[in-house]
Amino acid sequence: FDLDGFKHYNDSFGHPAGDALLARLGQRLAEQAGEGACAYRMGGDEFCVLAPLAGRTVEDICSAGATALSDAGSGFAIGASFGAVVVPYDVADAEEALRAADQRMYAHKHGGRASASRQISDVLVTALVERDGELGEHVRDVALLAVGVAAQLGLDDRARELVGRAAVLHDVGKVAIPDAILEKPGPLNAAEWEFMRRHTIMGERIIGAAPALLGVAEVVRGSHERWDGQGYPDGLAGEEIPLASRIVAVCDAYDAMTTPRPYSTARPDGDVLLELARCSGSQFDPAVVRAFCAHLISLRMHVPAARTPAASGV
């Protein structure tokens with residue numbers, strides 16, 4: 001993996017900030033690498049993952065790694081290009097494997113522009129981040145979780161891509177919500193809450209303006225529906241709600257409860273899992289909650305090897 005946009009970040013914010021970013025992204029990569037895998041920082045802004053394919057595809061590993069190595073904030077956006085080889089089918093020698101992966105990574109980096117849907121998504125996320133940097137971090141975290149849960153549920157590559165794209169964009173409608181409501185330290189009144197509940201419809205309209213993202217727009221509209229039919233905006237229930245929406249809803253709730261907000265403090269991880277279990281079958285799809293818990297356990301069980309330098313910024 002090679003970071004895209006890191007030189008601009010270093011030039012804009014300085015090398016100490018760049019080192020901190022490398023450490024943060026490296027830690028995410030190590031956490032997302034999966035059971036039995038090792039993550040390394042090769043040097044500069046290049047990283048490497050050595051992972052078994054048992055139960056996974058090359059595309060899964062590359063996609064998860066690229067997502068882990070992505071970040072955005074006010075004035076910057078970091079992504080990652082990648083190349084992969086399968087040992088021993090592509091090559092058997094370690095040195096040749098690294099050389100081939102490096103060549104494929106640079107071919108990916110310079111192989112052409114991103115798809116129209118990806119470019120539109122990036123523009124919308126950048127607009128969201130410029131409005132509220134914390135929202136940018138939130139949607140990235142939700143997307144990482146959502147893609148993992150989708151894989152846990154056995155969704156195919158196309159469905160996982162839809163889930164990840166929708167998770168990244170699920171809060172884009174909040175660009176139309178006044179700061180006085182978004183940042184209010186106390187409970188919202190009835191009028192404010194009614195306005196807030198419109199953000200999924202606003203998000204659908206914004207995203208749906210791009211024909212390539214109509215599927216994503218539908219998922220975003222349904223991301224605050226409830227399994228028992230008491231959600232919004234359409235009061236859908238059970239499997240009437242798109243599966244991708246149900247996945248985003250659980251991951252969004254988990255991240256919201258474990259992250260400090262103007263109106264609430266962060267809750268302990270164990271308490272949040274108990275809350276998800278309590279709301280399983282009412283607010284959330286029970287199958288998605290089970291898959292979420294299984295995915296979270298797999299992340300918690302994965303401890304990078306002591307020599308893994310991916311989390312180091314030096």
Side-chain angles (χ1 to χ4, degrees), residues 117 120-132 134-147 149-150 159 161-184 187-257 259 261-264 276 279 282-285 288-289 292:
S117 61
I120 295 166
S121 295
D122 289 347
V123 169
L124 293 175
V125 171
T126 300
L128 183 65
V129 168
E130 288 294 333
R131 169 72 185 279
D132 185 337
E134 291 184 0
L135 270 181
E137 184 174 351
H138 166 65
V139 297
R140 178 196 57 76
D141 290 342
V142 172
L144 282 172
L145 289 169
V147 171
V149 173
E161 181 181 359
L162 173 66
V163 169
R165 191 71 55 81
V168 165
L169 294 175
H170 79 276
D171 269 344
V172 76
K174 289 183 177 178
V175 298
I177 303 295
D179 288 341
I181 295 178
L182 285 178
E183 300 174 5
K184 186 175 180 178
L188 301 181
N189 61 38
E192 291 168 337
W193 179 239
E194 186 61 31
F195 199 89
M196 177 65 84
R197 285 162 64 101
R198 292 169 54 196
H199 85 270
T200 55
I201 297 175
M202 296 172 183
E204 180 196 33
R205 289 174 181 165
I206 293 169
I207 299 165
L213 293 176
L214 286 175
V216 175
E218 179 186 7
V219 174
V220 169
R221 182 183 179 98
S223 60
H224 282 266
E225 300 287 356
R226 289 173 51 114
W227 185 251
D228 60 9
Q230 300 302 306
Y232 62 87
D234 302 309
L236 302 179
E239 294 186 359
E240 294 176 339
I241 307 166
L243 176 56
S245 300
R246 289 177 258 152
I247 293 171
V248 172
V250 172
C251 298
D252 181 33
Y254 172 84
D255 191 74
M257 287 187 283
T259 303
R261 297 292 181 89
Y263 48 82
S264 65
L276 291 179
C279 296
S282 56
Q283 184 173 354
F284 305 120
D285 178 349
V288 173
V289 172
F292 177 87

(message) Looking at every heavy atom in both Ala143 and Val168, which two are closest together, and how far apart are they?
(response)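 That would be CB-CG2, 3.4 Å.
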(message) On a heavy-atom basis, which atom in Gly173 and which in Ile206 lie closest, and how many Å separate them?
(response)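 Between these two residues, the closest heavy atoms are CA-CD1, 4.4 Å.
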(message) Can you tell me how far apart CZ (Phe284) and CD1 (Ile241) are? Round to the nearest 0.5 Å.
(response)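 So the CZ of Phe284 and the CD1 of Ile241 are separated by 11.0 Å.
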(request) For Arg140, enumerate each residue passing the side-chain hydrogen bond (donor to acceptor under 3.5 Å, both in side chains) test, keeping only those at least two apart in sequence or located in another chain. (result)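 Partners of Arg140 under the side-chain hydrogen bond (donor to acceptor under 3.5 Å, both in side chains) test: none.
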(message) Holding to salt bridge (Lys or Arg N to Asp or Glu O under 4.0 Å), I want the full list of residues that pass it with Glu240, two or more places apart in sequence or in another chain.
(response)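 Glu240: no salt bridge (Lys or Arg N to Asp or Glu O under 4.0 Å) contacts found.
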(request) State, to 0.1 Å, how close Ala237 and Asp228 come at their nearest heavy-atom pair, and which atoms those are. (result)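 Heavy-atom minimum between the residues: CB-C, 4.2 Å.
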(request) Could you go through the side chain to side chain contact (heavy atoms under 4.5 Å, CB included) check for His138 and Thr259 one step at a time? (result) CA-CA 9 Å; His138 166 65; Thr259 303; 5.6 Å; no
(request) Hey, could you give me the NZ/OG1 distance between Lys174 and Thr200, rounded to the nearest 0.5 Å? (result)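 Answer for the NZ-OG1 pair, Lys174 versus Thr200, is 10.5 Å.
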(request) Using the six-membered ring wherever Trp is involved, compare the ring planes of Tyr232 and His199 and label them parallel, tilted or perpendicular (cut-offs 30° and 60°). (result)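 Rings of Tyr232 and His199: perpendicular, over 60°.
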(request) Please report the closest heavy-atom contact between Val172 and Gly203, naming both atoms and the distance. (result)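 What the structure gives for the nearest pair is CG1-CA, 3.9 Å.
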(message) Restricting to salt bridge (Lys or Arg N to Asp or Glu O under 4.0 Å), what partner residues turn up for Arg221, sequence neighbours left out?
(response)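 Glu204, Asp234.
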(request) Give a yes or no on whether a salt bridge exists between Arg165 and Glu161, defined as a side-chain N under 4.0 angstrom from a carboxylate O. (result)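 Between Glu161 and Arg165 there is a salt bridge, with a charged N closer than 4.0 Å to a carboxylate O.
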(request) Drop me the distance from Trp227's CH2 to Leu236's CG, to the nearest 0.5 angstrom. (result)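 Going from CH2 on Trp227 over to CG on Leu236, the span is 12.0 Å.
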(request) Applying side-chain contact (heavy atoms from CB on, under 4.5 Å), name anything that partners Ala159, two or more places apart in sequence or on another chain. (result)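 Only Leu155, Asp156 meet the side-chain contact (heavy atoms from CB on, under 4.5 Å) criterion with Ala159.
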(message) Please find the pair of heavy atoms, one from Val147 and one from Gly164, that lie closest to each other, and give the distance.
(response)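 That would be CG2-CA, 3.7 Å.
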(request) Just jot down the salt bridge (Lys or Arg N to Asp or Glu O under 4.0 Å) partners of Asp252, sequence neighbours excluded, or say none. (result)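 Listed in chain order: nothing, the list is empty.
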(request) Walk me through it: do Val139 and Leu169 pass the test side chain to side chain contact (heavy atoms under 4.5 Å, CB included)? (result) CA-CA 7 Å; Val139 297; Leu169 294 175; over 6 Å; no
(request) Look up atom SG in Cys279 and atom CZ in Arg226, then write down how far apart they are to the nearest 0.5 Å. (result)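 It comes to 7.0 Å.
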(message) Between Ser245 and Glu225, is there a side-chain heavy-atom distance shorter than 4.5 Å?
(response)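 Not touching, per the 4.5 Å side-chain cut-off.
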(request) Identify the heavy atoms of Ser223 and Ala249 that sit nearest to each other, and give their distance. (result)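 Looks like O-CB, 3.5 Å.
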(message) Within this structure, what is the NE2-CD1 distance for the pair His224 and Ile201, rounded to the nearest 0.5 Å?
(response)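 That separation rounds to 12.0 Å.
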(message) Please report the interatomic distance CZ(Arg198) to CZ(Arg205), rounded to the nearest 0.5 Å.
(response)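 Between atom CZ of Arg198 and atom CZ of Arg205 there are 7.0 Å.
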(request) Please name the residue in the list Ile177, Leu188, Asn189 that meets the side chain to side chain contact (heavy atoms under 4.5 Å, CB included) test with Phe195. (result)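 The side chain to side chain contact (heavy atoms under 4.5 Å, CB included) with Phe195 is passed solely by Ile177 among Ile177, Leu188, Asn189.
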(request) Using the test side-chain contact (heavy atoms from CB on, under 4.5 Å), find all partners of Val288 that sit at least two apart in sequence or belong to another chain. (result)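 Expected list: Val149, Leu153, Leu243, Arg246, Ile247, Val250, Asp285.
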